[in-house]
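Accompanying notes for the structure given below.
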Protein chains: 2
Amino acid sequence: MQENSDKSLERPAAKPSAKTLRGPTGGNAQRRSNKQRSESTRSALISAARRLFVEKGYAETGTPEIVAAAQVTRGALYHHFADKADLFRATLREEARAVADHIEQETEEARSALEAMTRGADSYFAAMSVPGRVRLLLLDGPAVLGHAEMAEIDQETGGEELRQGLAYAMEKGALAPLPLEAMTSILSAAFDRAALAIAQGAPAEDYKAAIRRMLEGLLKRA
Amino acid sequence: MQENSDKSLERPAAKPSAKTLRGPTGGNAQRRSNKQRSESTRSALISAARRLFVEKGYAETGTPEIVAAAQVTRGALYHHFADKADLFRATLREEARAVADHIEQETEEARSALEAMTRGADSYFAAMSVPGRVRLLLLDGPAVLGHAEMAEIDQETGGEELRQGLAYAMEKGALAPLPLEAMTSILSAAFDRAALAIAQGAPAEDYKAAIRRMLEGLLKRA
DNA sequence: GCAATAAACATACAATCTGTATGTAAATGA
DNA sequence: TCATTTACATACAGATTGTATGTTTATTGC
C-alpha cells in the first residue's frame, strides 16, 4: 500500500560522529550543551512531523518516516516524547500557539460588539488559512486527542477570545442573556466549519457573509 | 499496551462445520443460500464493528477483535469489505440512515419557518442521542473518511433537510437572501457541536436555547 | 442430475508499525 | 576527575494490516 524504497529507515543518513561534524563557522561546533541538543532535535522532530501529518494525516504517517525526515532515530523520538500521540500533541500545541499569536497581534479596537466579533472572525480565518492548520487543528486533532484535550489546548494557548467577547456583549446589553458556555461552543463550531470550508477551496466571501449574518442576528448594535 | 489473553484470535470459537450446526428449530438450518450467508455475516460484522468502534474508537479497534466478536474470520471480513476503512464506511452508512429515518419519521407540520427549524433541530438532537452515534458520525467519521465523504454519506441518506428548510425560508421571505451553501454548512456545524456537547453530558437545555437563539436571529417569523 | 464455475469463506504469510529494553557516548555536577 | 545523568542508537517482541492461496458450499449451464 505504501511504497518505501528506502531500506535504511532505522538509522540516520550519515552517522554524525561529532568528530567529522563541523559548522561552517570554522570553529568546532560539535560541543553543544544538552539543552541545545534537546531543543534542536525536538524542534527537528516537530517540524518534520508537522509536515508529514499535514501531508498524509496522522494515521498514515509512521514514526520511521518522521525520524527519517528529521534526520534522527526513533530512539531520539521516544526519548523526547512518550509516544506518537505525544509528538502529535506537541505539534498541535505549537500550532495553536501560532494561531493565538496571529489573532492577538491582529486585534484592533472596535466600536461595537458586532464589529469586534466580525473582525475577530476574519482574523481567525486569516490565521487558519495557513496550509495544514485546518487539518491539524480541526480534523486530526479532535479525532486523535479527543475534543476534551483539544479544548484544553485551546484554553492554554489563549483561545478565550470568543467567550470573552460574548460575555462583554452580554454585559453591555448587546446580547440578551443566555448560557454563555453553550453559545460560545456553537459559535466556535460555526467558525471552525467556515475556516475548514474556506481552506478546502470554498468561496471565502460566502462563508464570511454567512458568519456575519449569524452575528448580526445575535448582536444588537447597541 | 493492549492485553489480549485470547491466543486463538485467528480462528472462530468452534469451527461451525455445518454438519454439527443445527438451528434450535430442530430442522437442519445448515442449507442457506449465498445471499443469506452474505447478509448474515455482513450484518454480524457491521454490528460487532459498530459496538467496538463506539467503545474504543476506530484506530484502537483491530480487525482481529472485530471478527472475534462477530464470530467469523478475517477472511470473511476481507471478502466482504475492501479494508478496515470500508467496513467503517458501511457502519457509518447504516448509522446515517438510521438518523435520517428517525428525523423523517418525527417531522411534523410547522406554522413558521422558525418553528420548522427549531423542531428539526430538536429532532436531530434526539436522533443523535443514541449512544455512540456522535462518536461515529461526528468524531471518527470525518477523521477517517474525510469531510468530503461524510458529506456524500449525509446526502445519500437524505440529510438535505436543513438546506431545504433554509431555501424555503428564503423563498418565503423569512430569511434574507444569502449564499445557501455556506449558511447551511455553518448552521449544520453548530447543530453538530450542540449534539456532541449534549452527548458528552452538557446541559441539553442550554444548547437548545443557544441554537434557538441563533435561529431566531436569522429567521423573521413571517 | 451433473459437471463447471463462482461465491464465501478459512488459513498462512509478508511487510510494517509501535513501544520497550538495553547499550553507549557525550555532558554535567560534586 | 569521577560518578551520574542525559541524549540518544540499536535491537527486539508483539501486534496489525492486507494479500495470496486453499477449501468448501452454493449456482448455473447443459
Side-chain angles (χ1 to χ4, degrees), chain A residues 1-19 21 28-42 44-45 52 56 58-68 70-88 144, chain B residues 1-19 21 28-42 44-45 52 56 58-68 70-88 144:
Chain A
M1 194 105 291
Q2 173 196 320
E3 56 182 79
N4 205 330
S5 53
D6 189 353
K7 252 72 189 325
S8 62
L9 278 185
E10 193 75 14
R11 59 179 161 285
K15 187 202 292 193
S17 72
K19 289 282 174 49
L21 177 74
N28 51 346
Q30 77 271 32
R31 207 152 214 98
R32 298 194 301 161
S33 78
N34 273 345
K35 189 174 284 189
Q36 281 176 317
R37 294 214 308 169
S38 284
E39 183 47 43
S40 136
T41 60
R42 261 187 72 96
L45 277 168
L52 291 165
K56 325 177 14 179
Y58 176 82
E60 317 312 319
T61 303
T63 54
E65 199 177 356
I66 295 173
V67 299
Q71 306 240 49
V72 302
T73 63
R74 294 183 67 241
L77 196 168
Y78 282 92
H79 176 69
H80 286 286
F81 303 96
D83 52 19
K84 187 182 160 191
D86 194 39
L87 170 58
F88 186 59
V144 175
Chain B
M1 194 103 293
Q2 174 195 320
E3 58 180 79
N4 206 331
S5 54
D6 189 354
K7 252 72 189 332
S8 62
L9 276 185
E10 193 74 15
R11 58 180 163 286
K15 187 203 289 193
S17 70
K19 290 284 172 49
L21 176 74
N28 51 347
Q30 76 272 32
R31 204 150 218 99
R32 298 196 300 162
S33 79
N34 273 344
K35 188 174 285 188
Q36 280 175 319
R37 294 215 308 171
S38 284
E39 184 46 44
S40 136
T41 62
R42 260 188 73 96
L45 277 168
L52 290 165
K56 326 179 11 179
Y58 176 82
E60 317 312 319
T61 303
T63 53
E65 200 178 355
I66 295 173
V67 299
Q71 307 240 46
V72 302
T73 63
R74 294 183 65 240
L77 196 169
Y78 281 91
H79 176 70
H80 286 288
F81 303 96
D83 52 19
K84 188 181 157 191
D86 194 40
L87 170 58
F88 187 59
V144 175

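In the text below, chain A, chain B and the rest are named by the order of the sequence lines, each starting its count at 1. Atoms considered below: every heavy atom in the structure, side chains included; atoms not considered: hydrogens, waters and symmetry mates.
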Could you tell me which residues satisfy side-chain hydrogen bond (donor to acceptor under 3.5 Å, both in side chains) with [X], sequence neighbours excluded, listed by chain and number?
X	answer
A:Asn34	none
A:Thr63	A:Arg74
A:Thr61	none

So which nucleotide from [options] ends up closest to the side chain of [X]?
X	options	answer
A:Pro64	C:dC9, C:dT20, C:dC17	C:dC17
B:His79	D:dG18, C:dA8, D:dT10	C:dA8
A:Ala76	D:dT17, D:dA9, D:dA7	D:dA9
A:Asp83	D:dA9, C:dA12, C:dG19	C:dG19
B:Arg74	C:dC9, D:dT19, D:dT10	D:dT19
B:Arg37	C:dA10, D:dT17, C:dA8	C:dA8

Short side-chain N/O contact from [X] to OP1 or OP2 of [N], under 4.0 Å:
X	N	value
B:His80	C:dA8	no
B:Ser38	C:dA8	yes
A:Thr41	D:dA7	no
A:Thr73	D:dC8	no

> What's the NZ-P distance between A:Lys84 and D:dA15, to the nearest Å?
Replying inline: 19 Å
> Expressed in angstrom and rounded to an integer, what is the separation of B:Gln36 atom CD from C:dC9 atom P?
Replying inline: 12 Å
> What residues, two or more places apart in sequence or in another chain, satisfy ring pair (Phe, Tyr, Trp, His ring centres under 6.0 Å) together with A:Phe88?
Replying inline: A:Phe53, A:Tyr58
>> If the condition is ring pair (Phe, Tyr, Trp, His ring centres under 6.0 Å), which residues does B:Phe81 pass it with, not counting sequence neighbours?
In response: none
> Out of curiosity, A:Arg32 CZ to A:Glu39 CD, how far, rounded to the nearest 0.5 Å?
Replying inline: 10.5 Å
>> Quick one: does any side-chain atom of B:Thr41 pair with a main-chain N or O of B:Ser38 as donor and acceptor, under 3.5 Å?
In response: yes
Listing time: all N or O pairs from protein to nucleotides 28-30 of chain C that are below 3.5 Å?
unit_1	atom_1	unit_2	atom_2	d
C:dT28	OP1	A:Asn34	N	3.1

